[in-house]
2 protein chains.
Amino acid sequence: MTAAANQSGRRPTTSRRLERAGIRDVAAAAGVSITTVSDALNGKGRLPDETRSRVREVAERLGYRPSAAARTLRTGRSGLIGLTVTTYGEEPFTFTEFAYFAEMARAATSAALGRGYALVVLPASSRHDVWSNVALDGTVVIDPADQDPLVSELYRSGVPVVSDGKPGNCPVTAWVDNDHEAAVLNILDHLSEAGARRIGLLTGTSTDTYTRLSTDAYLGWCDRVGQEPVYEAYPAHDPAAGAVAADRLLARPDRPDAVYGLFDPNGTDLLAAARRYGLRVPEELLLVCCSESDVYAGTEPPITTLSLKPRRIGTTVVNLLIDAIEGVDSGTGVDIARLFPPRYRTAGTGPPPGTLMPTELIVRASSQRRSPRTTVSPPRPPGEV
Amino acid sequence: MTAAANQSGRRPTTSRRLERAGIRDVAAAAGVSITTVSDALNGKGRLPDETRSRVREVAERLGYRPSAAARTLRTGRSGLIGLTVTTYGEEPFTFTEFAYFAEMARAATSAALGRGYALVVLPASSRHDVWSNVALDGTVVIDPADQDPLVSELYRSGVPVVSDGKPGNCPVTAWVDNDHEAAVLNILDHLSEAGARRIGLLTGTSTDTYTRLSTDAYLGWCDRVGQEPVYEAYPAHDPAAGAVAADRLLARPDRPDAVYGLFDPNGTDLLAAARRYGLRVPEELLLVCCSESDVYAGTEPPITTLSLKPRRIGTTVVNLLIDAIEGVDSGTGVDIARLFPPRYRTAGTGPPPGTLMPTELIVRASSQRRSPRTTVSPPRPPGEV
DNA sequence: TTGTCATGGAGAAACGTATCTTCAGCCCCG
DNA sequence: CGGGGCTGAAGATACGTTTCTCCATGACAA
């Protein structure tokens, strides 16, 4: 039972193509055990620097690359993070449809790579065949559905899940969202101060968190101020429906003298509709829409936009997720509490913990009747969710 | 990390270890061997349907999910495909900067998922720590650098690589690209027919394939037709430099009466510059630019654009890659030949095999002095590369 | 009876790594 | 002189699959 006898029968088959060098090959070439190789390469164990560097050199010479699969199997960590966008239409991804998603995904990818993780793009559909085929350390879910079965299963099976957008009824490890309520109230106040008497809303028919929270904030504001709500809803994922809804809103008998549009294309659509009805902006119609696009800096007139700061969200979501992954080694969740910034955090002990982030209102000519200067709203203090 | 924070009852039921059920547990529960379980679940082996369905039912009841890591280790297949975009600035990704990348990536993701693969986004930098940490069945490289060390190493280590954009000096399994030369010649002919006497070019300073091929085609055309080249080059990744270059081009003493811009923002930049110089489009200046954005259908006037059909490219690239992954089991490349369509394929036996795809010219008012009607150019027959 | 198949299924060997445990020396102190 | 602690490194096991090999059984023909 010598070591030589043990190692002799490694590859009796004819090696016509050259196999990738494994850790055994490195060990043999360096004249040490595989334990020593592993320790030397991973900076563990007790080894003199001389042995360490020698092993490293041999590994380099042999072009040794550790097998990611084997390492994942052994350590239980893959370094992979799932990224999911809820699908609207037939296409599984809405990346480019809304600039918000694209920017958010880009930031998330960067943040993950910066911490040594890679992002895997996965469909929100709960097709097991796809999901169970990839070992995930955690998952980012953008805009989760109200009762997402996929998220529930992931969470139940112990995979950390962090969502962009406050989740409805599915449990998540943590979530991050913009302070949509504060943002809408801020905009309504802003329009009021600019002289608006009746503010209309262009909103969506879907039930996602963003649409719901924003609409509710609008309705609450109207109720508080004593204005009759004036709004039109349309399916946000339909590119053509937005223009129709904008037209409808301005055709109403109780036509508003200011409009906030919840979705990116609303700005141009409203502008076009206003032109059709001969309404001058901002003299006769004040305009604000939510958008990440800078085309609104160049429209005639430039349009005030609300930015959801997708990059900040994406970075935060990923960092939260990786913190959860690396902080929780056993099955039970621990230590997540310290990861959240002191402000903008839900106080209660009840899960899941969430973080609200401030938005940014970029004021342009379309919402000001005086001097159109670009300015930035200060972040609002955190309110209750 | 106080004990209180630690004890904050997160998941009360997880006090005992709720280990994921393994294949052994399923085998024990079903009263069969793990071999039978594996065969039953994977549709292999010789088993009566009764056993098969019973095992499947037990597995379902136990919530059994095979370990992706173990399967990958055993089979050598991960179901993961890398997606890389060459980085321009500090940001690792240019996804949103150019709509082409975003659309292409989206199509590639869809195509991969449709065939059971998932895409993992990776940086083009050759940081081993990231790349070697994930088991890849193959890689898509968008716009590879002229002598990409990363691509070379991947290819050498046997990982199939398919590139979007004809590679310069690095070996790839296959590549797909638009027929840039044909596209440019087509545009120049189109502008000539519309009455252009001196056609200018707005191009980039970088050395990627797209820029190089397009510029060369332009220079060759000028030489053939006997026109003095009139062009300005600028760093394409600099968002501000484009407007300056457009201005410079129209400020030249030998001002062109038609311009083709190679990059997406050139259309609006050229339009703005033309306005500054009081040039009417298309009466005094014909305009075409390469873009995937549909904003050019709504500009004043609408601008003729060249579409690179990113979705078609993305789908083709991924299908080619997966064909290579599944068709080539040994190290040496085989069988790839049959995968390529008979047309648009390089004839020679020498690797790497490439596919040229036709582009689409969407003709709008900016490049026509007569009746501005939208039409589509027929695909050109394949020429030599 | 004996051999040949076909059927249904079990055993065990990988896959390549990380890590827990053990062990041989060696020095030093009592 | 004996043992405790430290250093350097090897052995062995486990991770959870897939799959190759092989065996038991019974039916059927020779």
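Lettering of chains follows the sequences in order, A, B, ..., and the numbering in each one begins at 1.
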Residue whose nearest DNA chain D nucleotide is more 5′ - A/Asp39 or B/Thr75: A/Asp39
Test side chain to side chain donor-acceptor pair (under 3.5 Å) applied to A/Thr35 and A/Ser38, step by step: CA-CA 5 Å; A/Thr35 303; A/Ser38 178; over 6 Å; no
B/Arg54 side chain reached by B/Val32 side chain, heavy atoms, under 4.5 Å: yes
Touch class at under 4.0 angstrom, heavy-atom based, for A/Ser38 against every strand present: base
Nearest-angstrom distance from the residue atom CZ of A/Arg20 to P of C/dC15: 13 Å
Touch class at under 4.0 angstrom, heavy-atom based, for A/Thr35 against every strand present: base
Atom-pair distance (CZ on B/Arg77; C1' on C/dG16), nearest Å: 18 Å
Rounded distance (Å) that lies between atom P of D/dA14 and atom CZ of B/Arg24: 10 Å
Any residue of residues 46-58 of chain B with a heavy atom less than 4.0 Å from an atom of DNA chain C: B/Arg46, B/Leu47, B/Pro48, B/Thr51
d(CG, A/Asn133; C1', D/dG16) in whole Å: 14 Å
Any B/Ser33 side-chain N or O less than 4.0 Å from OP1/OP2 of C/dA10: yes
Residue B/Ser67, side-chain atoms from C-beta onward, closest of D/dG16, D/dT19, D/dA14: D/dG16
SB check A/Arg115 A/Asp323 (cutoff 4.0 Å): yes
Touch class at under 4.0 angstrom, heavy-atom based, for A/Asn42 against every strand present: sugar-phosphate
Main-chain N/O of A/Leu136 paired with A/Arg77 side-chain donor or acceptor, under 3.5 Å: no
side-chain N/O B/Lys44 vs D/dT19 OP1/OP2, d < 4.0 Å: yes
Nearest-nucleotide comparison on DNA chain C, the residue closer to the 5′ end among B/Leu73 and B/Ile34: B/Ile34
Side-chain N or O of B/Thr36 closer than 4.0 Å to phosphate OP1/OP2 of C/dG9: no
Whole angstrom value for the distance that separates P of D/dC15 from CG of B/Asp25: 11 Å
Heavy atoms of other groups near B/Glu50 CD, more than 12 under 6.0 Å: yes
Taking every non-hydrogen atom, the tightest pair across B/Gly45 and B/Asp39: CA-OD2, 3.9 Å
Between D/dC15 (C1') and A/Arg74 (CZ): distance, integer Å: 6 Å
salt_bridge(A/Glu57, A/Arg52) N-O dist < 4.0 Å: no
